[in-house]
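Scroll down for the structure; my scribbles are underneath it.
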Amino acid sequence: MAITEFRADFPILKTKINDEPLIYLDNAATTQKPQAVIDAISAYYTADNANVHRGVYTLAARATAQYEAVRDQVAAFIHAPQRESIVFTRSTTDSLNLVAQTYGEQVVQAGDEIVVTAMEHHSNLVPWQQLALRKQAKLSVIQLQPDGQLDLASARQLISDKTVLVAVAHSSNVLGVTNPIKVLAQVAHQHGAIIVVDGAQTVAHQPVDVQALDADFYAFSGHKIYGPTGVGVLYGKLSLLQTLTPAQFGGEMISDVTWERTEFAPIPQRFEAGTPNISGVIGLGAALTYLQQIGFAAIQAQEQALTEALLNGLLAQSAVTVYGPQSVAQHGPVVAFNVAGIHPHDLATGLDLGGVEVRAGHHCAQPLMQLLQVPATVRASVAFYNTTTEIDHFLTTLQAVKEFFQR
Ligand SMILES: Cc1ncc(COP(=O)(O)O)c(C=O)c1O
């Protein structure tokens, strides 16, 4: 089946925006959902709805089986060595906060160093910054090369025996670069530090193997990989998870409670307090099944072609500045840019009138914006269901919007 045929699986892509066909280029913010995901959520509520891990009755067993089957699926998807390493959370943000509130609280001490990169999303910066402030630890920032790629020399210089934790995006949501996690993990481990990887912008675009990367923790969101909002994943090495006291307490996460003490449930349940997002997890499972039917080879080929058309088309236009590498060999499916003399919000509003949905703003990376010396950028980001015709239409509409403002 040609990859373009999968587009028909996404009902929203038939929508019109301002009387124009929708051209959705904000896939880095969230992806659209295929009918298979919508149906799986609807089927769960229609036929299988019950709370998980609680009832002995048939419906509860059915809901629990479906929920737990997705844990196996996620473990296989990111090549985790065992299902117990997969914790369901609300989002990437929630996953990273979980690490900060458990590992961070229990391990980081005054004088320790936490290392992040200059391209981090606030989700993988603010939890560490706040932890550092609470603990009187030092937060250091790995710098970037002029083209936006991570400066490994800076990383090697900053990561030292004082470093306890390195937090890094697998792929940037602004610069379109993918970072050398395996190398960073090696450097961190040589100094006795752990590495926490934010995979929010990676998992939908390339195969991820947490063991090959040697990531200690790896976080991602369901909604950026064609699944529903409100569900996320935290992978953790079992040896690390076993040392952690949960940060959230309540139902589902215990095995025995008296007035005086509580014995926690085994891993990973001890990190999933309260009723989880059951339909969300089931929807995520449907999304992974759907993606695997297409296969990453086809997804990557299509997204590379789209990125090439997008990047080269933007670079060919007058007054356009593209942030991040200028060559498609180093550039992932996210392209941030500005047009001289026109505010990003004006550009995005003009594009919206033509049915083209792109993001304008700081992309939850204000320190990076400071580094780029801009308050904001426009960002176009592709998914496999986009077409080169859409990219052409985006570029023509952008040209028209530019001419309108330049007049
Ligand atoms: C690189 C990166 N990290 C983290 C996040 C946060 O994801 P969520 O809002 O799903 O928690 C995003 C979302 O835009 C992102 O792009």
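One-based numbering, in listed order, for ligands and for the atoms of each.
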Item to check | Proximal candidate to atom 13 (C) of ligand 1 [heavy atom criterion; set H170, K224, H363, H122] | outcome: K224
Item to check | Option nearest atom 10 (O) of ligand 1 (shortest heavy-atom distance, choices S221, A28, S123) | outcome: S221
For [X], take its heavy atoms, then give the atoms of ligand 1 lying under 4.0 Å from any of them.
X    : result
S91  : 10 (O), 11 (O)
T92  : 4 (C), 7 (O), 11 (O)
Q201 : 1 (C), 15 (C), 16 (O)

Checklist entry - About how many Å separate OG of S318 and CD of E403, when rounded to the nearest 0.5 Å? => result 8.5 Å
Item to check | atom 9 (O) of ligand 1 [closest protein heavy-atom partner, distance rounded to 0.1 Å] | outcome: T93 OG1, 3.8 Å
Checklist entry - atom 15 (C) of ligand 1: which protein heavy atom is closest, and how many Å away? => result H121 CD2, 3.2 Å
Checklist entry - Y226 vs Y385 aromatic rings, parallel, tilted or perpendicular, using cut-offs 30° and 60°? => result perpendicular
Next on the checklist: If the threshold is 4.0 Å, N to carboxylate O, is there a salt bridge linking K237 and D214?
Outcome noted: yes
Next on the checklist: Could you check whether R71 pairs with E84 (Lys NZ or Arg NE/NH1/NH2 to Asp/Glu carboxylate O, under 4.0 Å)?
Outcome noted: no
Item to check | Centroid separation H122 to H362 less than 6.0 Å | outcome: yes
Item to check | is_close_aromatic(Y218, H170), centroid dist under 6.0 Å | outcome: yes
Checklist entry - Using a heavy-atom cut-off of under 4.0 Å, does the side chain or the backbone of A200 touch ligand 1, or both, or neither? => result side chain
What do you reckon, does [X] have a nitrogen or oxygen under 3.5 Å from a nitrogen or oxygen of ligand 1?
X    : value
D94  : no
H223 : yes
S171 : no

Next on the checklist: For F88, run the ring pair (Phe, Tyr, Trp, His ring centres under 6.0 Å) check against F271, Y67, Y235, F220 and tell me which one passes.
Outcome noted: Y67
Item to check | Heavy-atom gap D198 to ligand 1 smaller than 4.0 Å | outcome: yes
Item to check | CD/Q248: more than 12 non-hydrogen atoms of other groups inside 6.0 Å | outcome: no
